[in-house]
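Just so you know, ligand 1 is whichever comes first in the structure, and atom 1 is the first atom listed for that ligand.
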Amino acid sequence: MEQLLWKHIQNVRTKSPLVHNITNYVVMNNTANALLAIGASPIMAHAHQEVEEMVNICQALVINIGTLDEYWTVSMIQAAKAANRLNKPWILDPVGAGATSYRDTTLEYLLSFRPTVIRGNASEILALAKLNQEKTKGVDSTAQSNDAVQAAQYLHKQFGSTVCISGETDIIVAEGKEMRLFNGNALMTKVTGLGCTATAIIGAFIAVTENVAEAAAAAISLLNIACELVAKNVEGPGSLQMHLLDKLYNLTQTEFDQHIKLSA
Ligand SMILES: Nc1ncnc2c1ncn2[C@@H]1O[C@H](COP(=O)(O)OP(=O)(O)OP(=O)(O)O)[C@@H](O)[C@H]1O
Ligand SMILES: Cc1ncsc1CCO
Ligand SMILES: [Mg+2]
């Protein structure tokens, strides 16, 4: 599995997929730079006049609802609809799911266009599943992380999406499959939008990788191993953010092989 994941990383570096992002104001620059550092080619575009055409020429689409507003919501719906129609892989980052009814209504609509991947933290994945289940009935709850896995399985069944739950352990839920990834560093929670960065990087990997769960695993491992290595030599979040780009750019197969921790 580890060798397969490294092959996917090399594939992104050599194929340099065009990744269309409609994301939030907070992370736009960082995620574009992270995509460039891993070898992908980012384009940020949300004008209604061009969204559909852009989806048509890109290899994958990233939708992140972090800083929603009326205009951008329409852009996101146009893009998701086009991706669904054209069979383009696309990923949804449901930032702040469950926080406001505006976010929830928008997410409900976006989910109907069947994202290839959904990536969020445990509470976002729980909120997304609940939002949908309220019309049927809620799942029985046990511990929080288990709940999120059940929620992810539910979302997979409903929308066909591969679901990534991020946190200290990242869990990928797909058809008959559950992968756990153990890399990363707690300092990552002190830099804004590293979850959004994970989402954007997964976007680049689903552009060039047929197996969606493997694409997500390769993307998350790349980001988390890079952060883990960099975190050893930084004083805090500021330098982590800066040095992360360098490590995404120059991470070697030896470093990857020596550090990857997963159970598949
Ligand atoms: N305690 C931790 N230890 C190691 N890695 C972590 C930890 N918490 C988060 N991560 C890693 O940080 C990245 C972002 O995950 P997180 O769950 O914080 O996303 P998020 O809440 O969506 O973040 P944001 O909204 O700021 O983008 C993931 O790659 C995850 O593996
Ligand atoms: C802080 C913040 N607010 C809206 S989006 C965002 C980036 C992390 O998701
Ligand atoms: Mg997030």
Open item on the list: Has Asn250 got a side-chain atom pairing as donor or acceptor with Asp246's backbone, closer than 3.5 angstrom?
Closed with: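 Between the backbone of Asp246 and the side chain of Asn250 there is a qualifying donor-acceptor contact (under 3.5 Å).
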Open item on the list: Tell me if a side-chain donor or acceptor on Arg103 pairs with a main-chain N or O of Val95 at a distance below 3.5 Å.
Closed with: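 Such a contact is found between Arg103 side chain and Val95 backbone.
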Where's the contact between [X] and ligand 1, heavy-atom distance under 4.0 Å: side chain, backbone, both or neither?
| X | answer |
| --- | --- |
| Arg119 | side chain |
| Met188 | side chain |
| Asn185 | backbone |

Would you mind listing which atoms of ligand 2 come within a distance below 4.0 Å of any non-hydrogen atom of [X]?
| X | answer |
| --- | --- |
| Gly66 | 4 (C), 5 (S) |
| Thr192 | 1 (C), 7 (C), 8 (C) |
| Val95 | 9 (O) |
| Cys196 | 8 (C), 9 (O) |

Any side-chain donor paired with an acceptor under 3.5 Å for [X] and [Y]?
| X | Y | value |
| --- | --- | --- |
| Asn64 | Asn21 | no |
| Ser166 | Arg119 | yes |
| His8 | Glu214 | yes |
| Glu228 | Asn183 | yes |

Is there at least one pair of N or O atoms, one from [X] and one from ligand 1, spaced under 3.5 Å apart?
| X | value |
| --- | --- |
| Ala198 | no |
| Asn121 | yes |
| Cys196 | yes |
| Gly193 | yes |

Task: Carboxylate-amine/guanidinium proximity below 4.0 Å for Glu175 and Lys177 - done: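 Between Lys177 and Glu175 there is no salt bridge, as every charged N stays at least 4.0 Å from the carboxylate O atoms.
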Open item on the list: Any salt bridge linking Lys247 with Glu255? Criterion: basic side-chain nitrogen under 4.0 Å from a carboxylate oxygen.
Closed with: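 The answer is yes: the pair qualifies as a salt bridge.
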TODO: Could you tell me whether ligand 2 has any atom less than 4.0 Å away from a heavy atom of Gly195?
DONE: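 Flag not set, Gly195 not near ligand 2.
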TODO: Pick, from Ala231, Gly167, Ala226, Gly184, the option with the minimum heavy-atom distance to atom 10 (N) of ligand 1.
DONE: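 Minimum heavy-atom distance to atom 10 (N) of ligand 1 goes to Gly167.
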Task: Nearest candidate to atom 15 (O) of ligand 1, where distance is taken over non-hydrogen atoms, out of Ser221, Cys164, Ser166, Gly66 - done: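 Of the listed residues, Ser166 has the closest heavy atom.
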Task: Atoms of ligand 1, numbered as shown, that sit under 4.0 Å from any heavy atom of Thr189 - done: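 The list of qualifying atoms is 8 (N), 9 (C).
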- [ ] May I ask you to list the atoms of ligand 1 that are less than 4.0 angstrom from any heavy atom of Ala186?
- [x]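 Checking each atom against Ala186, I get 1 (N), 2 (C), 3 (N), 4 (C).
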Task: Matching residue for Ile38 among Val12, Leu245, Leu223 - test: side chain to side chain contact (heavy atoms under 4.5 Å, CB included) - done: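 The side chain to side chain contact (heavy atoms under 4.5 Å, CB included) with Ile38 is passed solely by Val12 among Val12, Leu245, Leu223.
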Measuring from the heavy atoms of [X], does anything fall under 4.0 Å of ligand 1?
| X | answer |
| --- | --- |
| Glu228 | no |
| Asp170 | yes |
| Gly120 | no |

Open item on the list: Set out, in order, the CA-CA distance, both residues' side-chain angles and the distance that settles side-chain hydrogen bond (donor to acceptor under 3.5 Å, both in side chains) for Tyr102 and Thr73, then state yes or no.
Closed with: CA-CA 10 Å; Tyr102 184 42; Thr73 300; 2.8 Å; yes
TODO: Give the minimum heavy-atom separation between Ala148 and Ile165, together with the two atoms involved.
DONE: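 Taking every non-hydrogen atom into account, O-CD1, 3.5 Å.
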Open item on the list: In the structure I gave you, are the side-chain heavy atoms of Trp6 and Leu251 within less than 4.5 Å of one another anywhere?
Closed with: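 Yes - at least one pair of side-chain heavy atoms lies under 4.5 Å apart.
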